[in-house]
Protein chains: 2
Amino acid sequence: MTRSTPRAEPLSSSLEDYLEAIYRLTPGRTAARGRDIAERLRVRRSSVTLALRSLSARGLVNYAPYDRITLTAKGRTAARDISRRHEALRHFFVKVLEVEEQEAERAACKMEHALSPALRRRLTEFARFMKRCPLGVPQWVKGRRFHCPAPPVQRRRTGGRGKP
Amino acid sequence: MTRSTPRAEPLSSSLEDYLEAIYRLTPGRTAARGRDIAERLRVRRSSVTLALRSLSARGLVNYAPYDRITLTAKGRTAARDISRRHEALRHFFVKVLEVEEQEAERAACKMEHALSPALRRRLTEFARFMKRCPLGVPQWVKGRRFHCPAPPVQRRRTGGRGKP
DNA sequence: GAATAATGTTAGGCGTGTAAAACATTTATC
DNA sequence: GATAAATGTTTTACACGCCTAACATTATTC
């Protein structure tokens, strides 16, 4: 019966992985099964138990032995954030950098833990920009090389940072 | 005098950090001091000793107790690669995403270990593209937002993944 | 060259994250 | 509902990476 205030320390990469796994395994609101978490993370069931205890102590999952596993509100929020970091990276790798799906996934998995809010925001904004902006962009692509056929439009109004 | 065949397993993130630190501390060819490695990695000197043993066992550094620390040819190659991964990320974060220098450094430090050769290449090529390409690019920037003055060209040829 | 400071090493310990194996509980299945 | 299968848990152990504290060696300084 772990009472006391939840530990506030930042999550380890490992625990973030567990949290994310639970999140992804419960699209609606149903409970996750330890078995599936283990499989997803390629880890033993016993390891899952330990991790769940730790996450529970932090107030991120509702967990009691042999009971159903769900995310708390706090846990869900945290998990969503982690998941977004993951997606931001994966998306960027696939859509902008155009690397293989699998490779992107693998890298995103490992890098997501280091993606700060600022970086994530920028990355996402940037990917969106790349998608929308119809000219600077698609020159990059198609196979290995890219070219920039852009005409010498050059200077448009420099928005404010005057440098005469 | 560590003989035996070097261990071939992939380096841990931690060992990569040590290797990189040594690399950066020896611009020319002089030996690195454990003291400095420790300081750089914010780690105790004793930890450095352990790491050096491990790196030595892998044939990446020339090391014997109380002796000078240098990289082997193999170690230098590996270190250069790691360093490049680091730089590729940092550069991208700073020059393209335009996040704060310090933040970029911090993220690069952690992410570098997961950057595959393919990804690194793409990232570098892309950053170069962004730098050169005079139009698609600089719209993104100047503070927080970006805009894409491009005309509504919209749909370009959908390259293959048709989804009617 | 002795005394002192700086640097490097060893020994022992801790926290984290994992696994293996034995056990407990729950869920299927008949 | 008894039995078997699946799932979850505990215990014990191990690898890794770091630390502290004590010790060893090397470098400095006078």
Side-chain angles (χ1 to χ4, degrees), chain A residues 1-2 4 6-22 25-26 30-71 78 82 109-110 112-114, chain B residues 1-2 6-22 25-26 30-58 60-71 78 82 109-110 112-114:
Chain A
M1 192 125 297
T2 54
S4 78
R7 307 173 53 185
E9 294 127 52
L11 286 178
S12 67
S13 298
S14 174
L15 289 185
E16 284 195 347
D17 286 337
Y18 283 102
L19 203 60
E20 188 183 12
I22 299 170
L25 285 170
T26 51
T30 15
R33 284 194 332 171
R35 163 66 209 273
D36 298 326
I37 300 172
E39 192 169 291
R40 179 160 193 130
L41 298 180
R42 311 221 164 200
V43 141
R44 294 301 173 178
R45 301 199 298 284
S46 58
S47 304
V48 174
T49 299
L50 278 303
L52 288 176
R53 274 222 280 270
S54 192
L55 289 172
S56 172
R58 287 174 161 83
L60 298 170
V61 307
N62 301 309
Y63 165 79
Y66 296 106
D67 206 359
R68 3 194 50 226
I69 304 163
T70 56
L71 293 172
I82 297 165
C109 263
K110 297 205 201 121
E112 65 183 32
H113 307 294
Chain B
M1 194 130 294
T2 53
R7 306 173 54 186
E9 295 128 52
L11 285 177
S12 66
S13 299
S14 175
L15 288 186
E16 284 195 347
D17 287 337
Y18 283 101
L19 202 60
E20 188 183 12
I22 299 170
L25 285 170
T26 53
T30 15
R33 285 193 331 170
R35 163 66 209 273
D36 299 325
I37 300 172
E39 194 169 291
R40 179 159 193 132
L41 297 180
R42 311 224 164 198
V43 141
R44 294 301 173 176
R45 299 199 300 283
S46 58
S47 304
V48 174
T49 300
L50 279 303
L52 288 176
R53 273 223 281 271
S54 192
L55 289 172
S56 172
R58 287 174 161 84
L60 298 171
V61 307
N62 301 308
Y63 165 79
Y66 297 106
D67 205 359
R68 1 193 54 226
I69 303 162
T70 56
L71 293 171
I82 296 164
C109 263
K110 298 204 199 124
E112 65 183 30
H113 307 294

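Numbered from 1 within each chain, the chains take letters A, B, ... in sequence-line order.
- Val48(A) comes within 4.0 angstrom of no nucleic acid atom, judged by non-hydrogen atoms across all strands.
- Comparing dT18(C), dG8(C), dA21(D) by their nearest atom to the side chain of Thr49(B) picks out dG8(C).
- Side-chain nitrogen and oxygen atoms of Arg53(A) include at least one within less than 4.0 Å of the OP1 or OP2 phosphate oxygen of dT10(D).
- Looking at Arg40(A) and Asp17(A), their side chains never come closer than 4.5 Å, going by heavy atoms from C-beta outward.
- In terms of phosphate contacts, Tyr18(A) brings no side-chain nitrogen or oxygen within less than 4.0 Å of OP1 or OP2 of dT16(C).
- What you find for Glu16(B) and His113(B) is that their closest heavy atoms are OE1-ND1, 2.6 Å.
- Arg35(A) comes within contact range of the sugar-phosphate backbone alone, with a heavy-atom separation under 4.0 Å but no base atom that close.
- Side-chain atoms of Ile37(B) and Leu25(B), non-hydrogen and from C-beta on, do get closer than 4.5 Å to each other.
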Pairs: protein N or O with nucleotides 22-28 of chain C N or O, under 3.5 Å:
from: dA24(C); atom 1: N3; to: Tyr66(A); atom 2: OH; distance (Å): 3.4

Review item, nucleotides 2-5 of chain D N/O atoms under 3.5 Å of protein N/O:
none

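- Side-chain polar atoms of Arg58(A) and Ser54(A) form a donor-acceptor pair below 3.5 angstrom.
- At a threshold of 4.5 Å between non-hydrogen side-chain atoms, the residues Leu52(B) and Ile22(B) count as touching.
- Ser46(B) comes within 4.0 angstrom of a nucleotide base, judged by non-hydrogen atoms across all strands.
- Using a 4.0 Å cut-off, no side-chain N or O of Arg33(B) falls inside it from OP1 or OP2 of dG8(C).
- Using a 4.5 Å cut-off on side-chain heavy atoms (C-beta onward), Leu55(B) and Leu71(B) make no contact.
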